[in-house]
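A short worksheet on the structure shown next.
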Amino acid sequence: MTKKYITTAIPYMNGNPHIGHAMDYCLADVCARYLALLGNEVKLQAGTDEHGSKIAQKADELDVEVQDYVDEKAEIFRDFIAKLGVSYTDYVRTTNEWHERRVQDIWRKLKKHIYLAKYEGWYCTGCERFITDKEYEENEGICPDHLKPYEKLEEENYYLRLSDFKDKLKKAIETDEMLILPGFRKKEILKLLEESPDVSISRPVTQLKWGIPVPDDPSQVMYVWVDALSNYITVLGYPEEDISAWWPATAQFVGKDILRFHAIIWPAMLMGMGLPLPKTLVSHGMVLADGQKMSKSIGNVVDPNEVIDKYGIDAFRYFFLRHIDTFADSDFTWKKFEDAYNNELANDLGNLVQRLATMVSKNNVKIEELNGASEFSSEYKELMDKYEFAKAFDYVWEKVQGVNKKIDERKPWQLAKNGEKGVLEDCLKELVNDLLNANYMLMPFLPSASSKIAEVFDGEVKPPETPLFPKS
RNA sequence: CGCGGGGUAGAGCAGUCUGGUAGCUCGUUUGGCUCAUAACCAAAAGGUCGUUGGUUCAAAUCCAACCCCCGCAACCA
């Protein structure tokens, strides 16, 4: 049995779960379930990113202890992950004692690639952050949020010497030793890598208290990305435990907006520790609301909980895995969602199960000895192996629709009328076989619906009492 | 000239690498069927493939220029 390790991006705790987090989980979960069905032993990691000034700030606003704030949020996220049906095996909170300890060990291992240097730039005391030169020019030296002039500030930071790894990393990306999907993102990253300076990986404790202290220097706290990225291996027990059975990860799923951290800083850290790079980084697109980025200020945020509560988890996974492009940005609108639910899930699949089960049970046909109902076709595998989940899902759907076509061609109801019992039985068996065959390939995508369907045709066939996907 | 993605039927997209009668899904219209969640199946209508020019027997596809939309530019999945 081969071991495979799949990771999800750990969400930052300054808000509630949104559609984008759901997207990441759904993709990683499909991948994990697919690999497990192929007979691999699979680990799927999930967790929460709980350090950083923004979180501390948020807790301050709410006038609660930071730890209490993250504890509460972490609980909300954990419930959300469960609600999505994510089959995770390993869970990490970056405030776990063991995570913090291991990150400090990681820092020590990276020491020969770390140096201390001064950073000078424009700073807003209101925002408590440095701003880029470009931003400075655009705002003509005055912070638009605080109406205060930016100040020149100097501070000491630790830096990770990216230049130690650049050439090696460039080669790893170019040769797909670390495969970045989709291809256009790979190009983007290669370009970005050329221009990347050394990475600042700490902040003075005066500026950032809520974080992991730098070992042997109480005046500095680690930059959150060093802390957050490490989760992928601390959760496996690194460095105390030998993680070579699971690491390198088979695939790491990330949003396109955080790909750069995963494709540049993270590999540099891994190289610094002498660990291999992940085999694949899958960068998915953003879910837009009517062509616009979802944002609280525009007020177009769609709450995933609302969708799930109304239509169920299978419907949610169905839409986001099939109609939201795996790699590119795509739109969510309630109209699109409802159309897909009614036309495809209810009419194509739900109704198919109903009509076929009714025919089988009415005619007392025994369903046994099905062939091939627990295999993936080569076309399907090819798409899944390329992480083209939406396309693989399309392929499965063609199979589902094919069963509806075949029913109309064969007209089993006529065979029943004509009393052709033998032909009818063979025909229904073939149709059920076709359906279950497609259903098996549906399992990674719609785990709960597909197991219900398998149950319907297992042993005594009875049409489900309540439709699988009731129409709204 | 910062980097990247995109502009193809009312909507959403494939096709562009490897030039050869323009395709899929939804929607619309019509027909068929009656096992089924008024579900299913079939057919039809609907496009100057962003603009202009070039290469070619032939361009959505190759080349050049331009127009428009969208992301990214250090902590937003």
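Here the structure is a predicted model, which is why all the values come from computation and not from measurement. Chain letters run A, B, ... following the sequence lines, proteins first and then strands; every chain starts at 1.
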Please name the nucleotide paired to [N] by Watson-Crick or G-U wobble geometry with both distances under 3.5 Å, or report none.
N	value
U25(B)	A11(B)
U51(B)	A65(B)
G4(B)	C70(B)
A58(B)	none

Can we call the ring centroids of [X] and [Y] under 6.0 Å apart?
X	Y	result
Phe253(A)	Tyr25(A)	no
Phe320(A)	Phe316(A)	yes
Tyr88(A)	Tyr91(A)	yes

Which value, in whole Å, describes the distance between the [atom1] atoms of nucleotides [N] and [M]?
N	M	atom1	result
C33(B)	A42(B)	P	15 Å
G7(B)	U29(B)	P	30 Å
G6(B)	U48(B)	P	23 Å
C63(B)	G23(B)	P	25 Å
U21(B)	A58(B)	C1'	12 Å
U51(B)	C57(B)	P	25 Å
C13(B)	A60(B)	C1'	15 Å
G2(B)	A11(B)	P	32 Å

If you look at every strand shown and take non-hydrogen atoms under 4.0 Å, does [X] touch a base, only sugar-phosphate, or nothing?
X	answer
Asp24(A)	nothing
Met286(A)	base
Pro182(A)	nothing
Arg410(A)	nothing
Leu468(A)	base
Arg185(A)	nothing
Val287(A)	base
Ala346(A)	base
Pro412(A)	nothing
Gly52(A)	nothing
Gly255(A)	sugar-phosphate
Tyr223(A)	base
Phe469(A)	base
Asp348(A)	sugar-phosphate

Among [options], which is the nearest nucleotide to the side chain of [X]?
X	options	result
Phe261(A)	U37(B), A74(B), G12(B)	A74(B)
Ile407(A)	C35(B), A42(B), U37(B)	C35(B)
His18(A)	A77(B), A36(B), U34(B)	A77(B)
Trp413(A)	U34(B), C75(B), G4(B)	U34(B)
Asp408(A)	C35(B), A73(B), C40(B)	C40(B)
Tyr12(A)	A36(B), G71(B), A77(B)	A77(B)
Asn347(A)	A39(B), C3(B), C41(B)	A39(B)

Do the side chain of Asn351(A) and the base of A36(B) come within less than 3.5 angstrom through a donor-acceptor pair of N or O atoms? yes
Let me know the distance between [atom1] of [X] and [atom2] of [N], rounded to the nearest Å.
X	N	atom1	atom2	answer
Leu84(A)	A77(B)	CG	P	15 Å
Ile264(A)	A73(B)	CD1	P	12 Å
Asp329(A)	G7(B)	CG	P	14 Å
Leu190(A)	C3(B)	CG	C1'	13 Å
Ile189(A)	G4(B)	CD1	P	13 Å

Taking for each residue the nucleotide of RNA chain B with the nearest heavy atom, is it Glu344(A) or Trp225(A) whose nucleotide lies nearer the 5' end? Glu344(A)
Tell me which of Lys411(A) and Lys335(A) sits closer to the 5' end of RNA chain B, going by the nucleotide each one is nearest to. Lys335(A)
Salt-bridge present (Arg260(A), Glu188(A); N to O < 4.0 Å): no
Using a strict cut-off of less than 4.0 Å between a Lys/Arg side-chain nitrogen and an Asp/Glu carboxylate oxygen, indicate whether Arg185(A) and Asp257(A) qualify as a salt bridge. no
Can you tell me how far apart CG (Leu446(A)) and CD1 (Ile313(A)) are? Round to the nearest 0.5 Å. 9.5 Å
Looking at Lys187(A), I'd like to know whether one of its side-chain N or O atoms comes within less than 4.0 Å of OP1 or OP2 on G5(B). yes
State whether Lys471(A) places a side-chain N or O below 4.0 Å from either non-bridging phosphate oxygen (OP1 or OP2) of A39(B). yes
Have a look at Tyr318(A) and tell me which of Tyr311(A), Trp397(A), Tyr341(A) forms a ring-ring contact (aromatic ring centres under 6.0 Å, His included) with it. Trp397(A)
What orientation do Phe77(A) and His21(A) show, parallel under 30°, tilted 30 to 60°, or perpendicular over 60°? perpendicular
Consider side-chain hydrogen bond (donor to acceptor under 3.5 Å, both in side chains). Of His99(A), Arg93(A), Gln45(A), which one does Asn231(A) pass it with? Gln45(A)
